[in-house]
Number of protein chains: 2
Amino acid sequence: MLKSKASVVSLDQRNATRLRVLEQIRSKGSVSRIDIASALETSPATITSATADLISAGLIKEIEGEAQSKSGKRGRPRVLLQLDSHSFLVAGLKVARQMISVILVDFEGNEVTSHKAQLEDARMSPANLISTIRLALEDTCQQVGLSIEHLAGISIGLAGQIDAARNFVHWSSSVTERNIDFNPLIAKELPCPAFVENDANLVAKAEQLFGLGKGLKNFLVVTIEHGVGLGIVLDGRLYRGKRGCGAEFGHTKVHLDGALCQCGQRGCLEAYVGDYALIREMTVTGHADDMQTVSDIHTRANSGDDRAALVLARAGQMFGLGVSNLINLFDPQCIIVSGAQMSFEHLCSAEVMTRIQNGVVNVDAPLPEIKVHHWGDLMWAKGAAAYGIEQVSILKVKELAANAS
Amino acid sequence: MLKSKASVVSLDQRNATRLRVLEQIRSKGSVSRIDIASALETSPATITSATADLISAGLIKEIEGEAQSKSGKRGRPRVLLQLDSHSFLVAGLKVARQMISVILVDFEGNEVTSHKAQLEDARMSPANLISTIRLALEDTCQQVGLSIEHLAGISIGLAGQIDAARNFVHWSSSVTERNIDFNPLIAKELPCPAFVENDANLVAKAEQLFGLGKGLKNFLVVTIEHGVGLGIVLDGRLYRGKRGCGAEFGHTKVHLDGALCQCGQRGCLEAYVGDYALIREMTVTGHADDMQTVSDIHTRANSGDDRAALVLARAGQMFGLGVSNLINLFDPQCIIVSGAQMSFEHLCSAEVMTRIQNGVVNVDAPLPEIKVHHWGDLMWAKGAAAYGIEQVSILKVKELAANAS
DNA sequence: CTAAATATTTTACCGACTGAAATAAATATG
DNA sequence: CATATTTATTTCAGTCGGTAAAATATTTAG
């Protein structure tokens, strides 16, 4: 009761261990205590105690399945541990221009249900945004006979510059005001902890927890939607920079005093590969004024329109240049190019990959692998869910420790 | 004696604390125990024990100087602690194209003496390089009546791709062979531990320990010599990427299919700002075939040669583009542009600074400060020395722990 | 000189983790 | 079938880094 500082410190230490154990179980799917011990280079005794805590909290469980022993078949069989998917529900949301998508997942990340709602306005006031979110959540929960009260956490992905640690939105294309602290609104309108993050960071989290970055310590996730985004995972953690905002890959300059970008600057990568940039290129010469989406351009290109093919090819070249710069600067284990739609084929063609390779300074070590990940529609919401699961895990482990004392 | 693993683990923990204490003392210059305790958020008791160890090892000492108490003048006065500069000597070396420079520093980083030697060949075999280094070290030590045996550590800076953790040189412009493990050669030819590192990383270390990055956790150091280099400090540690090599800032692409670079690729920043690139620009049209150095171009520009001024200006523009990309990607606390000579004026002109500012995506948070650091001739060697001091400190603290057991 | 203030050291203890021993649960073997 | 062997997990008695609180040291204020 009295040992205020001591207990905080020791709790943090214990929690860190418990979280590392949880992380092992999540990334391996199912794993025995002895394997966790050797993976974390710690003693079996420690794992026994950590897993006992996690089991009593309902976060993990023992399962029956056959586990093979180190060698031979003799000896006490290993007991596999698994996440207890029923332990809690998390909602992941992505607020896009005309659409809000929601996904409900269990603790393992399995989809329970999902939902989409049209948005009337691309930009909303903070209060408006939160009540829209609440509504979307209620609708989603209703689909499976749940109420919003059942949620353990809500994770919200926005495009823009966001300080996730503080739920503070410097700027977002979905919000009419700048520099908004969402914590008060969340506390007032939502019945459980909620987390706001930059959407590209969320996808990086999803790749780390469930996707192609599982188990990797250093990788980059390039997201492609209407523009391009970047999530940076260094040493297993999201790198957010000093101001806590995401990296502005889309606004790195690929041409001195080049094409005009929506941000007002010139030569941004996004001004060469963003949807609007491609459409502008197609329409500016009056070559095609019915171009509405990048898919239209793809269609044209595939049916033999040289101009369309050139526009796409140039975007690919610029994209390749940008990605090779990322590799030159970060030297990551792996780069994951993640997109929801198929409309980014032109950014992962063999030619672009070659260009990337050729733009990376040669070392004798092999180039980082470049993986392309087509997620489908729910990419962003799933990303949000991944972040939500992580945050809720941390909260649960902390509660656990608090109760134990 | 028997507790093999336990002792390793606990030693690491203790050493980490001792090193953090040492780091505090180094970055503050002189500081009292109570201040260290509050800076590290630890208890005074821990600091008492850590400093006692460091004092008995001769790494630090108590000094007399007046220290002001928190408030008022009553109370037992604080005792200031300082590095004991006499505890050991470290040599820092930089191997450049035609020159090898050596600096001898004490534990505080104060210069004891320095020395330069002409190199016959820009590229040498590994064995040749090490014996050349040994010779240079012997000459340097002789200047102050010491022998090479007095050195506690030797740090060697090379341009190229180097895995410092293993003293492994993937490639260096100073070495004729690729993929060389220098450890055996070092053990054979040098009387004390030696460390090989990429030269840009060394300058970053120097900025962190003694320079403009003192106390900063996240910053970038851009080095300018014949080309440009980048050292990345994240979370207080050098970021080296997956393959352990330095970031290749000079070979990030600033123009699609642009100017040909020495590395064989096109559009590299270095192909626009490197010495040879500028000289090529001046000579290619026969405009000036007596151009030997960038200083010559400066001279010309200052005496009204428009062509020279334009060449320099263009280099500045490209450099600004590259630096703003760094800021967009890393969002660092601060960027330090470090150069030895004055020949990089054109890269830190007001115009270039403005260009950098204009290339960074606007957040409401202030832009990271861009600091320009003119080091003088010994920049690289001093950088090596900084790294050497750090490495030797780690070794000494480890020895200390080993002896205590 | 005494009281008050502040810095440092000492001391008793806490808690995370460990090694070793104990226990559990399987197979191999005769 | 009983027993030895093997391997996984748990229990238990430390160990070690660190802490709070008490003790001590050293100063100024009054």
Side-chain angles (χ1 to χ4, degrees), chain A residues 1-21 31-56 62 64-81 397 401 404-405, chain B residues 1-21 31-56 62 64-81 397 401 404-405:
Chain A
M1 278 297 242
L2 294 174
K3 43 181 175 162
S4 70
K5 185 153 185 188
S7 72
V8 166
V9 167
S10 59
L11 289 186
D12 277 0
Q13 216 162 304
R14 259 170 77 112
N15 282 343
T17 304
R18 286 172 179 153
L19 275 174
R20 268 172 28 232
V21 170
V31 64
S32 65
R33 290 177 177 83
I34 193 90
D35 284 335
I36 299 175
S38 69
L40 297 182
E41 295 186 314
T42 187
S43 73
T46 302
I47 305 302
T48 292
S49 122
T51 53
D53 296 342
L54 293 172
I55 288 173
S56 79
E62 298 189 337
E64 298 299 308
E66 284 302 295
Q68 40 220 27
S69 286
K70 193 134 197 170
S71 62
K73 289 192 160 191
R74 282 208 277 202
R76 176 174 174 173
R78 299 163 174 209
V79 179
L80 291 181
L81 298 166
V397 167
S405 76
Chain B
M1 278 296 244
L2 296 174
K3 43 180 175 161
S4 69
K5 185 155 186 188
S7 71
V8 166
V9 167
S10 58
L11 289 184
D12 278 0
Q13 218 162 301
R14 260 171 76 113
N15 283 343
T17 305
R18 287 173 179 153
L19 275 173
R20 269 170 29 232
V21 170
V31 65
S32 65
R33 290 177 177 81
I34 192 89
D35 284 336
I36 299 174
S38 69
L40 297 182
E41 295 187 313
T42 189
S43 71
T46 302
I47 306 302
T48 292
S49 122
T51 53
D53 296 341
L54 293 171
I55 288 172
S56 80
E62 297 188 339
E64 298 300 308
E66 283 303 296
Q68 40 222 26
S69 287
K70 191 133 199 171
S71 62
K73 288 190 162 193
R74 280 208 277 202
R76 176 174 173 174
R78 300 165 173 207
V79 179
L80 290 179
L81 298 165
V397 167
S405 75

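Here is the naming used below: chain letters follow the sequence lines, and residue numbers restart at 1 for every chain.
Atom CZ of R74(B) is separated from atom P of dT2(C) by 16 Å (rounded to the nearest Å). R33(B) places its CZ atom 15 Å from the P atom of dA25(D), with the value rounded to the nearest Å. When the P atom of dA16(C) is taken as reference, atom CG of N15(A) falls 9 Å away, rounded to whole Å. When the P atom of dT6(D) is taken as reference, atom CD1 of I34(A) falls 16 Å away, rounded to whole Å. Computed from coordinates, the D53(A) CG to dT10(D) P distance equals 12 Å when rounded to whole Å. Here the C1' atom of nucleotide dT9(D) and the CG atom of L80(A) are 14 Å apart, to the nearest Å. In this structure, CD1 of I36(B) is placed 13 Å from P of dA7(C), rounded to the nearest angstrom. Here dA16(C) presents its C1' atom at 16 Å from CG of D12(B), a figure rounded to the nearest Å.
Heavy atoms of T17(A) sit under 4.0 angstrom from primed sugar atoms or phosphate atoms, though from no base atom.
Under the 4.5 Å side-chain criterion, counting only non-hydrogen atoms from C-beta, V397(B) is in contact with L54(B). Residues L81(A) and E62(A) form a side-chain contact, since some pair of their non-hydrogen atoms from C-beta on lies under 4.5 Å apart.
From L40(B), atom CG reaches atom OG1 of T46(B) across 9.5 Å, with rounding to the nearest 0.5 Å.
Neither OP1 nor OP2 of dG18(D) sits under 4.0 Å from any side-chain N or O of T46(B). The phosphate of dA7(C) (OP1 or OP2) has a side-chain N or O of R78(B) nearer than 4.0 angstrom. For the OP1/OP2 pair of dT19(D) and a distance below 4.0 Å, the side-chain nitrogens and oxygens of T42(B) include at least one atom meeting the criterion.
Between the base of dA7(C) and the side chain of R76(B) there is a donor-acceptor pair shorter than 3.5 Å.
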Take R18(A) and V21(A), measure what side chain to side chain contact (heavy atoms under 4.5 Å, CB included) needs, and give me the verdict at the end. CA-CA 5 Å; R18(A) 286 172 179 153; V21(A) 170; 5.6 Å; no

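You'll find that the side chain of R14(A) is closest to dC17(C), out of dC17(C), dT8(C), dG17(D).
Under the 3.5 Å distance criterion, the side-chain polar atoms of T17(A) are matched with a main-chain donor or acceptor of Q13(A).
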